[in-house]
Amino acid sequence: MISIALDGPAGAGKSTVAKGVAKELDFIYVDTGALYRTVGLYFLRKGIGTELNCDIEENLKNIDVDLKFVNKEQHVFLNGEDVSGEIRTPEASMMASAVSAKPPVRAFLLEMQRKLARENNVLMDGRDIGTVVLPNATLKFFVTASAEERANRRYKELTEKGMKVEYKEVYDDIVTRDYNDSHREIAPLKPAEDSIIFDTTGLKLDESIEKLTNMIKEKVEL
């Protein structure tokens with residue numbers, strides 16, 4: 001099986017680009033960030049803050065996260081409920097960053113991610129795919145863009161969904177997540193030593209998809 005790992009900071013376009021490239025290559029797309037957002041949503045619904053002052057392992061026993069692919073598009077379920085839309089709020093983003101720093105949560109989701117890669121040709125994105133989840137991935141990319149561009153993209157995405165957000169709130173969320181993700185003790189956000197840096201600043205979505213698809217085709221025999 002072929003596994004392509006895409007890592008990078010929040011809002012770099014990883015998910016959107018990965019989804020498009022996976023479609024071009026006829027691979028399964030796995031958005032691992034959605035898994036952490038789903039776990040975070042569970043804690044959010046319980047009224048637990050980002051400091052996570054609770055028995056995390058005990059709470060994980062009550063969480064069932066499931067991925068289902070409908071026409072190769074990923075839907076995420078929390079205890080049987082499709083929460084694919086609800087996990088995209090700024091609150092869910094911050095909670096995802098908080099829970100992803102906790103070893104029990106990472107262990108909880110790790111095997112699910114590796115199993116998907118063992119059984120399918122996958123294009124998997126996240127924060128530590130090339131460094132921790134799939135260290136032996138066929139190909140690794142670190143997808144990035146300037147903080148301003150990433151904030152603009154996320155702001156546009158949220159407002160197009162009808163959410164009322166301020167640009168500054170989105171920008172501050174991006175900067176905060178960058179710091180938290182890159183400074184956490186467990187699996188910090190950083191490029192794998194053998195990853196290829198792919199900067200999407202200034203590129204339109206279709207340009208990013210075409211460029212990355214071509215790069216993969218040049219390096220991997222499909």
Side-chain angles (χ1 to χ4, degrees), residues 5-19 31-45 48-53 56 76 83-103 105-106 109 124-133 140-193 195-205 207-208 212:
L6 264 69
D7 291 309
K14 293 188 310 296
S15 299
T16 317
V17 172
K19 201 177 294 184
D31 172 11
T32 61
L35 303 177
Y36 286 99
R37 286 170 177 266
T38 302
V39 173
L41 179 62
Y42 174 86
F43 287 99
L44 200 61
R45 286 178 169 182
I48 298 168
T50 52
E51 68 284 352
L52 292 168
N53 290 329
I56 295 174
V76 193
V83 293
S84 303
E86 194 175 348
I87 61 173
R88 297 300 169 184
T89 64
E91 294 79 11
S93 292
M94 292 306 294
M95 187 58 84
S97 189
V99 299
S100 67
K102 303 299 181 182
V105 177
R106 303 199 74 82
L109 295 174
M124 188 178 293
D125 79 351
R127 299 286 192 280
D128 64 344
I129 308 305
T131 53
V132 176
V133 180
K140 303 174 186 179
F141 291 92
F142 190 82
V143 185
T144 188
S146 69
E148 291 78 12
E149 177 137 350
R150 289 186 283 131
N152 279 324
R153 292 173 182 171
R154 184 58 58 85
Y155 175 75
K156 183 180 179 183
E157 176 190 350
L158 294 172
T159 53
E160 285 178 350
K161 290 180 178 178
M163 298 182 187
K164 292 184 178 180
V165 292
E166 298 291 331
Y167 171 79
K168 187 178 185 305
E169 175 189 3
V170 177
Y171 178 81
D172 290 346
D173 174 48
I174 290 281
V175 173
T176 300
R177 288 202 67 187
D178 282 355
Y179 182 85
N180 291 343
D181 291 344
S182 60
H183 286 78
R184 67 190 181 207
E185 291 184 15
I186 306 296
L189 170 68
K190 63 179 181 180
E193 289 184 3
S195 66
I196 301 165
I197 304 298
F198 183 65
D199 194 328
T200 65
T201 304
L203 293 178
K204 295 179 181 177
L205 175 58
E207 292 173 333
S208 294
L212 188 56

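The first residue in the sequence is number 1, and the count goes up from there.
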Query raised in the report: Taking the side chain from Asp173 and the backbone from Glu169, do they hold a donor-acceptor pair closer than 3.5 Å?
Result: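 Side chain of Asp173 to backbone of Glu169, a donor-acceptor pair under 3.5 Å: no, none is there.
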Requested in this report: Output yes when Glu157 and Arg153 qualify as a salt bridge under the 4.0 Å nitrogen-oxygen rule, no when they do not.
Outcome: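 Looking at Arg153 together with Glu157, the answer is no, because their closest N to O distance does not fall below 4.0 Å.
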I need the minimum non-hydrogen distance between [X] and [Y], along with the two atoms involved.
{"X": "Arg37", "Y": "Thr89", "answer": "NH1-O, 4.0 Å"}
{"X": "Ser146", "Y": "Thr201", "answer": "N-OG1, 3.0 Å"}
{"X": "Thr32", "Y": "Gly126", "answer": "OG1-CA, 3.2 Å"}
{"X": "Gly11", "Y": "Arg150", "answer": "O-CG, 3.0 Å"}
{"X": "Val143", "Y": "Thr200", "answer": "CG1-CG2, 3.8 Å"}
{"X": "Tyr155", "Y": "Val170", "answer": "N-CG1, 3.9 Å"}

[X] side, atom [atom1]; [Y] side, atom [atom2] - distance, nearest 0.5 Å:
{"X": "Phe198", "Y": "Leu203", "atom1": "CZ", "atom2": "CG", "answer": "6.0 Å"}
{"X": "Thr131", "Y": "Leu189", "atom1": "OG1", "atom2": "CG", "answer": "8.5 Å"}
{"X": "Thr38", "Y": "Met95", "atom1": "OG1", "atom2": "CE", "answer": "13.0 Å"}
{"X": "Ser100", "Y": "Arg184", "atom1": "OG", "atom2": "CZ", "answer": "4.0 Å"}
{"X": "Lys14", "Y": "Leu212", "atom1": "NZ", "atom2": "CG", "answer": "13.0 Å"}
{"X": "Asp181", "Y": "Asp7", "atom1": "CG", "atom2": "CG", "answer": "11.0 Å"}

Is there a side-chain contact between [X] and [Y] in this structure, where contact means two heavy atoms from C-beta onward sitting under 4.5 Å apart?
{"X": "Val39", "Y": "Lys102", "result": "no"}
{"X": "Asn53", "Y": "Ile48", "result": "no"}
{"X": "Lys156", "Y": "Glu160", "result": "yes"}
{"X": "Tyr36", "Y": "Arg106", "result": "yes"}
{"X": "Ile129", "Y": "Leu6", "result": "no"}
{"X": "Tyr167", "Y": "Asn152", "result": "yes"}

Query raised in the report: Hey, is CD on Glu51 packed in by over 12 heavy atoms from elsewhere, all under 6.0 Å?
Result: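 Buried by this count: over 12 neighbours within 6.0 Å.
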